[in-house]
Amino acid sequence: MNKWTRKRILDTFTDLVSEHGYENVTVQMILEKADVGKTTFYRYFRDKADLLYEHYKDLYDAAIEDENCVELKDLFSLLFRKVREHPEELSLFDTIGFDSYREFIYKYTCARGRQIMEKAWGRPLTMKENFHVSFFCGGGAKMLEEYACGRYRDMTPEEAGAEAASMMHAQYDVKIIK
């Protein structure tokens, strides 16, 4: 995949979402503003929901790869910081259903959370551990949305990250192995 083309399409998507809201953005609007053809767009993405997923994956993966991300509290803090720094993306939380932003955050953080735990522990998670990760990620997705929408405006990203980490059982407080 041509990284420049992918980035241009994703940047155009986020610009349009901040201007018009997710529900009002069409693939045609993206094609025109990014100055790419339909074939090019569909070579990289299935639809605008796919763009939403790729955008969040990029944000989440960048947080995990950040040099300051050593522990899960660091990861949580970075994610809280990203949503606070990008209020133009709040309309993404207006999406509902299977392709919703919240649902994707839940699914992707569960998958990546399991990878982080398995890498740290050097083994697959048990059924109960998988259950714990799923439960925590479900609440975490909602917490991230509420934080983005300003519900916890008096908490810094670092305070929110530390508080989220403090809610986990001690066994899940692992170092992030890159």
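Between Phe131 and Phe135, the angle of the ring planes stays under 30°, which puts this pair in the parallel group of the 30/60° scheme.
Scanning for salt bridge (charged side-chain N to carboxylate O under 4.0 Å, His left out) contacts around Lys107 gives Glu103, with sequence neighbours left out. Considering only residues two or more places apart in sequence or on other chains, Leu72 meets the side-chain contact (heavy atoms from CB on, under 4.5 Å) condition with Leu75, Phe76, Ile116, Met117, Met168, Val174, Ile176.
Glu146 pairs with exactly one of Arg84, Arg153, Arg102, Arg151 by the salt bridge (Lys or Arg N to Asp or Glu O under 4.0 Å) rule, that one being Arg151. Of the candidates Ile9, Asp11, Val25, Thr12, Lys33 forms a side-chain contact (heavy atoms from CB on, under 4.5 Å) with just one, namely Thr12. In summary, of the residues considered (Tyr106, Tyr22, Phe104), a ring-ring contact (aromatic ring centres under 6.0 Å, His included) with Tyr56 occurs for Phe104 alone.
Rounding to the nearest 0.5 Å gives a distance of 6.5 Å between CG of Leu52 and OH of Tyr101. The CG atom of Asp173 sits 10.0 Å away from atom OG of Ser166, with the distance rounded to the nearest 0.5 Å. The distance from the CD1 atom of Ile30 to the CG atom of Leu10 is 9.0 Å, given to the nearest 0.5 Å. Going from atom CD1 of Ile105 over to atom NZ of Lys57 covers 14.0 Å, rounded to the nearest 0.5 Å. Considering NZ of Lys119 and NZ of Lys178, their distance stands at 9.5 Å, rounded to 0.5 Å. To the nearest 0.5 Å, atom OH of residue Tyr53 and atom CG of residue Asp47 are 8.0 Å apart.
The shortest distance between side-chain heavy atoms of Glu129 and Trp121 falls below 4.5 Å. Put simply, the side chain of Pro157 reaches to within 4.5 Å of the side chain of Tyr147, judged on heavy atoms. Within the 4.5 Å cutoff, side-chain heavy atoms of Glu71 are placed close to those of Asp74. The closest side-chain heavy-atom distance from Lys128 to Leu125 is not below 4.5 Å. Two residues are said to be in side-chain contact when any heavy atoms from C-beta on lie closer than 4.5 Å; Glu54 and Tyr44 fail this criterion. Side-chain contact between Asp58 and Arg6 is present, with heavy atoms from C-beta onward closer than 4.5 Å.
Counting heavy atoms of neighbouring residues, nucleotides and ligands inside a 6.0 Å radius, atom CD of Glu67 does not exceed 12 of them.
With 3.5 Å as the limit, one finds a donor-acceptor pair spanning the side chains of Arg114 and Ser134.
Salt bridge absent: Glu85 and Lys82 never bring a charged side-chain N and a carboxylate O closer than 4.0 Å.
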* **Residues His132, His169; criterion side-chain contact (heavy atoms from CB on, under 4.5 Å); working and verdict** => CA-CA 9 Å; His132 293 166; His169 190 280; 6.0 Å; no
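The cationic group of Arg112 does not satisfy the cation-pi geometry with Tyr60, failing either the under 6.0 Å distance to the six-membered ring centre or the 45° limit from the ring axis.
Side chain of Glu159 to backbone of Thr156: a donor-acceptor contact under 3.5 angstrom is found.
Note on Leu78: it does not cluster hydrophobically with Ile64, by side-chain heavy-atom contacts below 4.5 Å among ILVMFWY residues.
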